[in-house]
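Comments concern the structure below.
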Amino acid sequence: MKKKILVLTGGGDCPGLNAVIRGLYKACKSDGRYELWGSKEAFNGVMGEELDIVRLTRRHVGGIHAKGGTILQTTNRGNPCAYPVQLKDGTWTTKDRSKELVQRIKKLGFYAVVNIGGDGSQTISQALYEKGLPIIGVPKTIDNDLYATDMTFGFNTAVQVATDCFDKLVTTAESHHRVMMMEVMGRDAGWIALHTAIAGGAEICLIPEIPFNLKKIIRQINSRYKKGKGFVNMVVSEGAKPQGGTTFGARSKDAGDPHVKLGGIVNQLRCELEENGCRPQIRGTILGHIQRGGTPSAFDRVLASAMGVKAFELIEKEEFGKMVAYVNNKMTSVTLKKAISKYKVLDPDHYLINTARSLGISFGD
Ligand code: F6P
């Protein structure tokens with residue numbers, strides 16, 4: 001009898017998820033002793049009222065490495081440790097269903113589980129591992145904020161999308177002599193913003209790690225218009241904040257989603273700049289989810305495929321409780337415990353911060 005592996009994708013979607021599934025499938029297939037199953041919408045496929053799992057075949061995975069999203073669908077409202085439950089009066093509460101989930105997976109005869117997800121998903125992986133589930137994590141996020149891996153797939157695609165959009169905004173800024181602010185994702189880490197600002201040749205880049213000073217930004221913008229008509233292109237991370245201030249966002253209204261939803265800072269910033277003496281016209285663009293939808297870049301397809309294959313290798317060696325990691329140009333692994341112990345934000349001494357400053361990019365500090 002073949003050993004059954006269950007794979008699932010959790011949290012936000014990300015370009016490259018399908019390439020991981022395909023890599024894992026192909027590795028299982030070539031070994032011959034394993035078969036791969038998928039759980040729909042993260043663990044909901046196992047925990048839902050009706051079982052929603054599928055045995056993956058060539059028909060499901062053929063050619064999916066080039067496809068965005070996830071063929072298994074995903075959710076950020078399916079945390080088994082704090083599962084959303086609606087009460088009779090319509091309000092919501094949460095219940096720890098992790099023990100029940102582990103029992104269900106074992107009863108279904110699965111030998112191992114591969115959880116492809118970000119920090120939240122890998123925290124769940126660790127909790128399930130501690131309850132006796134043989135589980136492997138594969139890191140994913142466009143934000144690139146996972147400690148213990150140098151790079152996550154999805155990040156490269158997001159930066160490319162953002163840079164392509166930025167290039168378009170540069171030509172309209174030049175034509176209208178305007179200040180164009182482009183807001184990018186990244187949560188509390190400025191990786192996408194910093195890379196886009198360097199790749200796109202921004203004048204100003206605002207990131208969460210370096211709180212900005214509004215007056216300084218206004219001075220910098222106005223100085224670009226000293227000789228008459230200028231233009232300014234800015235990249236603003238959704239998690240950017242003023243010195244002594246807080247990020248612009250609100251707690252998610254979705255039951256079971258623990259995240260604060262960031263977004264919209266450029267609208268707020270535009271008003272504040274205008275009210276405080278910024279002379280030129282200002283426009284804001286929020287890129288939003290186009291940064292993580294659609295076709296993965298070639299780099300992300302390669303990284304994701306290699307991670308899928310590595311996940312299989314860890315299963316074969318029974319190295320459970322670990323997360324695949326890409327470190328110093330090598331595919332390796334770390335314990336889930338270590339992987340979730342820290343959040344990877346930009347160090348102000350990072351060489352790319354220095355590069356940006358030397359290129360004349362201001363962080364508004
Ligand atoms: O973590 C990925 C990410 O796209 C963040 O950059 C962003 O803040 C968040 O997810 C958006 O979440 P949602 O898709 O739930 O709105």
Side-chain angles (χ1 to χ4, degrees), residues 1-10 16-65 67 70-75 78-81 83 97-117 121-122 124-140 304-325 331-336:
M1 215 170 60
K2 291 195 175 180
K3 285 180 176 170
K4 286 164 66 177
I5 298 173
L6 185 69
V7 63
L8 56 119
T9 51
L17 286 170
N18 287 325
V20 179
I21 297 169
R22 177 175 168 271
L24 178 62
Y25 172 83
K26 290 211 171 217
C28 288
K29 188 91 185 139
S30 68
D31 181 282
R33 289 174 297 157
Y34 298 83
E35 61 185 36
L36 187 63
W37 289 67
S39 169
K40 293 290 184 74
E41 284 189 18
F43 285 109
N44 285 352
V46 181
M47 286 192 301
E49 278 171 26
E50 278 179 35
L51 196 61
D52 198 3
I53 60 174
V54 56
R55 176 162 175 207
L56 297 174
T57 65
R58 199 179 301 158
R59 187 172 59 82
H60 296 103
V61 299
I64 62 169
H65 56 291
K67 205 176 167 232
T70 158
I71 60 160
L72 295 174
Q73 288 97 52
T74 187
T75 182
N79 181 352
C81 305
Y83 201 75
R97 294 184 59 195
S98 54
K99 212 169 151 194
E100 174 199 343
L101 173 69
V102 173
Q103 280 164 359
R104 279 192 188 202
I105 292 174
K106 288 192 172 166
K107 209 167 159 202
L108 288 164
F110 285 106
Y111 171 71
V113 174
V114 176
N115 189 8
I116 314 171
S121 299
Q122 301 316 337
I124 294 170
S125 298
Q126 173 64 17
L128 297 174
Y129 177 64
E130 283 170 13
K131 291 198 165 67
L133 192 71
I135 192 164
I136 301 291
V138 176
K140 73 88 222 191
S305 300
M307 286 188 164
V309 170
K310 182 69 185 183
F312 176 72
E313 203 182 294
L314 294 177
I315 291 174
E316 235 201 331
K317 291 183 183 155
E318 299 189 345
E319 291 191 31
F320 300 117
K322 290 198 170 174
M323 185 185 86
V324 172
M331 204 49 77
T332 175
S333 64
V334 290
T335 61
L336 282 164

Practice problem: Let me see the working for Y111 and E35 under side-chain hydrogen bond (donor to acceptor under 3.5 Å, both in side chains), right down to the final yes or no. | Solution: CA-CA 10 Å; Y111 171 71; E35 61 185 36; over 6 Å; no
Quiz item: Are F43 and Y83 close enough that their ring centres sit under 6.0 Å apart?
Solution: no
Practice problem: Might you work through the side-chain hydrogen bond (donor to acceptor under 3.5 Å, both in side chains) test for Q126 and E130, ending with a clear yes or no? | Solution: CA-CA 6 Å; Q126 173 64 17; E130 283 170 13; 2.6 Å; yes
Quiz item: Given V54 and H60, is the side-chain contact (heavy atoms from CB on, under 4.5 Å) satisfied, shown in steps?
Solution: CA-CA 10 Å; V54 56; H60 296 103; 3.7 Å; yes
Quiz item: Of all heavy-atom pairs between S121 and N115, which one has the smallest distance, and what is that distance?
Solution: O-ND2, 3.1 Å
Quiz item: What pair of heavy atoms forms the shortest contact from I315 to A112, and how long is it?
Solution: CG2-CB, 4.0 Å
Quiz prompt | side-chain contact (heavy atoms from CB on, under 4.5 Å) between V46 and L6, worked out | solution = CA-CA 10 Å; V46 181; L6 185 69; 3.9 Å; yes
Exercise. Would you indicate whether the side-chain heavy atoms of I5 and F312 approach each other to under 4.5 Å?
Key: yes
Quiz item: Are any side-chain N or O atoms of S39 and backbone N or O atoms of L8, one a donor and one an acceptor, separated by less than 3.5 Å?
Solution: no
Exercise. Taking all non-hydrogen atoms of both residues into account, name the closest pair between L72 and G38 and its distance.
Key: CD2-CA, 3.7 Å
Self-check item: Spacing of OG1 belonging to T57 relative to NZ belonging to K29, to within rounding of 0.5 Å
Solution: 8.5 Å
Exercise. Give the minimum heavy-atom separation between S125 and I135, together with the two atoms involved.
Key: O-CG2, 3.5 Å
Practice problem: Kindly check if the number of other-residue, nucleotide or ligand heavy atoms within 6.0 Å of NZ (K106) is above 12? | Solution: yes
Quiz item: About how many Å separate NZ of K107 and CD of E100, when rounded to the nearest 0.5 Å?
Solution: 11.0 Å
Self-check item: Pairwise side-chain contact, I21 with I116, heavy-atom cut-off 4.5 Å (strictly under)
Solution: yes
Quiz item: Counting distance only, does the side-chain N/O of N18 pair as donor-acceptor with the main-chain N or O of K67 below 3.5 Å?
Solution: yes
Quiz item: Looking only at heavy atoms, what is the nearest atom pair of M331 and A306, with distance?
Solution: CE-CB, 3.7 Å
Quiz item: Are the side chains of K140 and M307 in touch, meaning some heavy atoms are under 4.5 Å apart?
Solution: no
Exercise. With side-chain contact (heavy atoms from CB on, under 4.5 Å) as the test, would you mind laying out the steps for L56 and L24 before giving the verdict?
Key: CA-CA 11 Å; L56 297 174; L24 178 62; over 6 Å; no
Practice problem: Applying side-chain contact (heavy atoms from CB on, under 4.5 Å), run through Y25 and I64 and close with a yes or a no. | Solution: CA-CA 11 Å; Y25 172 83; I64 62 169; over 6 Å; no
Exercise. Work out which heavy atom in K322 is nearest to a heavy atom in L314; give both atom names and the distance.
Key: CB-CD1, 4.4 Å
